[in-house]
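Everything below concerns the one structure shown next.
Not measured: the values here are computed from a predicted model. Throughout, a chain's letter reflects where its sequence line sits, starting with A, and its residues are numbered from 1.
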Amino acid sequence: MSNTTIILQLLMIGISLGGVYALMGSGLTIIFGVMRIVNIAHAILMMVASYITYFAFVNFGLDPILSIFVTMPLMYLLGVVVYKLFFSKISKDARYGELTVLLTFSIALIFEGTLGYLFTNTYRTTSPGYATSSFLFGDLYLPKGQAYATLLSLVLILLLWAFLQYSRLGNAIRATMQNPTAAQVVGVNTEKASVIAFGIGIAMGGAAGSLMTYLFPFYPGKHWEWIAILLSLIVLGGMGSLAGAFVGAILLAVSSTLVTHYFGPTWSPITFFLALFIILLFRPQGLFGKKMEVK
Amino acid sequence: MAFLEINSVTAGYGVGPDILQGLSLNVEEGKSYCIIGPNGAGKSTLLRVICGLIHPRTGAIKFQGEDISRLRTDEILHRGISFVPQDFSLFPDMTVKENLRMGGYIMEDRSELEQRIEEIFEMFPILKDKTSDQAKTLSGGQQQMLAIGRSLVLRPKVIMLDEPSLGLAPIIVQQIFDSINTLKELGMTIIMVEQNAKKGLEFAEWGCVLDLGVNHFEGKSDTILHDPRIQELYLGKIQREGIDE
């Protein structure tokens with residue numbers, strides 16, 4: 001294999017991986033954008049969907065990709081319930097920012113414990129047929145499972161973007177993201193917009209959770225690793241920016257693929273944390289984010 | 001029965017102290033009001049209470065005889081009270097047209113909404129040339145026009161403006177006041193909070209002086225403008241004389 005072929009191969013793998021990361025990050029960034037919640041529980045909620053997918057695959061033979069039709073609505077409902085139970089009560093609190101971090105941390109621990117109790121801490125994975133075969137393009141290959149997941153991720157992100165851009169409810173969510181007071185002034189029920197946005201964010205995570213079952217083996221405690229990666233990519237892209245989450249995901253996925261190839265898989269996680277460190281030092285608002293005023 | 005009636009309202013933010021401390025004010029239909037007072041007097045809080053962004057702790061607000069004290073902002077908008085907050089309060093990443101569309105967010109008839117947006121463009125032609133520009137790229141004056149235009153989409157009966165001249169160059173301030181004057185001529189009820197008290201009182205028919213959360217003094221704008229006590233306390237005469245000396 002020539003150097004060019006190797007680079008092309010790595011780019012292909014990295015970009016396709018980035019598509020799935022973007023799906024994972026899209027929900028997290030929407031939730032932060034609308035409600036200013038740094039949702040530490042995002043990855044464990046993603047894993048709830050992974051376990052539902054795993055359960056449906058093992059017991060009913062339901063394909064992980066098709067299972068998003070089950071996990072997305074379920075996770076949307078779970079998101080609404082979690083928001084109504086915990087966040088509605090603290091939305092007017094002066095220490096809202098700090099409380100959301102502590103609260104989502106607690107939620108993460110509760111779900112981690114419950115999943116650990118129900119499914120043990122054994123690594124799980126699903127194995128549909130396409131998970132072990134590849135598309136070949138001359139010397140290059142692209143794992144089919146990764147290609148499908150990426151395509152589906154792109155479709156879901158595009159649908160989310162179109163919903164935010166063109167629907168009345170989507171505009172209300174966007175307005176709440178950009179200026180909550182102005183949104184209220186024009187008659188947006190910002191509480192309702194927040195509940196729906198939280199549900200959508202968790203549903204997007206749910207779709208990612210289903211897809212990751214055959215891409216990355218998982219167990220409950222794995223969510224700490226994932227949330228660190230997801231926070232890195234949305235901070236890089238700019239918290240609250242959907243485009244930012246997408247670009248951040250692609251950049252970091254490609255970088256980590258290159259690092260894995262040239263330095264070994266042990267060094268791969270450092271790509272994310274190094275990027276997080278550098279971006280916080282030199283451009284804390286991220287690539288697409290806006291500087292926030294502290295009042 | 002007053003058009004808009006504020007009766008002994010107390011209000012504040014979160015668990016903080018009362019900013020409004022039993023404030024009462026009667027607003028008559030078609031009149032223009034300018035509310036002045038020192039920082040922290042509760043001017044902006046009063047407008048926020050009327051439009052439902054915060055609810056009174058005690059007291060009541062009645063609009064055309066109906067108690068609106070506990071209604072949400074969208075319900076108050078439906079009844080015909082619009083609010084333009086301080087600092088324009090636009091959606092910075094949305095275009096001019098999208099911002100105007102958001103002004104009609106509660107309207108069901110979307111074709112009627114498009115027609116009303118055209119009316120706003122006729123009132124503020126400069127905005128029509130910037131239809132597809134993001135709000136954040138507009139100048140301060142244009143942003144204020146957009147904020148006012150957005151609040152007019154619903155053809156409100158009452159429009160409340162919080163510091164419409166804040167941070168604008170004098171020539172732009174005049175343009176903004178000319179626009180507001182058009183609304184006055186159309187018979188709209190206007191309630192304005194203005195730091196530039198002289199300018200605000202010259203524009204309005206009725207003035208209210210708020211201090212420590214109560215309606216300290218009210219009367220015809222002319223009277224307030226020439227009242228020596230008010231001049232000393234709120235119109236900066238003492239400071240000006242101090243500087244002049």
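Residue A:Phe69 qualifies as open at atom CZ: its count of foreign heavy atoms under 6.0 Å is 12 or below. Within a 6.0 Å sphere centred on CG of B:Leu212, heavy atoms belonging to other residues, nucleotides or ligands number 12 at most. Counting heavy atoms of neighbouring residues, nucleotides and ligands inside a 6.0 Å radius, atom CZ of A:Phe277 does not exceed 12 of them. Atom NZ of B:Lys97 has more than 12 heavy atoms from other residues, nucleotides or ligands within 6.0 Å. Other residues, nucleotides and ligands place no more than 12 heavy atoms under 6.0 Å from the CZ atom of A:Phe105.
Taking all atoms of both residues into account, the shortest heavy-atom contact from A:Ala172 to B:Tyr105 is CB-OH, 3.4 Å. A:Ala182 and B:Ser89 get closest at one heavy-atom pair: CB-O, 3.0 Å. The heavy-atom pair separating B:Pro92 from A:Gln178 by the smallest distance is N-OE1, 3.4 Å.
The interface of residues 162-171 of chain A with chain B, defined by heavy-atom distances below 4.5 Å, comprises A:Gln165, A:Arg168, A:Asn171. Contacts between residues 184-200 of chain A and chain B, defined by a heavy-atom separation under 4.5 Å, are made by A:Gln184, A:Val185, A:Val186, A:Gly187, A:Val188, A:Asn189.
The choice from B:Glu75, B:Arg101, B:Arg110 that makes the most heavy-atom pairs within less than 4.5 Å of chain A is B:Arg110. Among the candidates B:Arg72, B:His78, B:Met94, the residue making the largest number of heavy-atom pairs closer than 4.5 Å to chain A is B:Met94.
Taking 4.5 Å as the limit, some side-chain heavy atom of A:Thr181 sits within range of a side-chain heavy atom of B:Arg48.
With a 4.5 angstrom heavy-atom cutoff, B:Leu77 touches chain A only via side-chain atoms. In this structure, the portion of B:Met107 lying under 4.5 Å from any heavy atom of chain A is its backbone and not its side chain.
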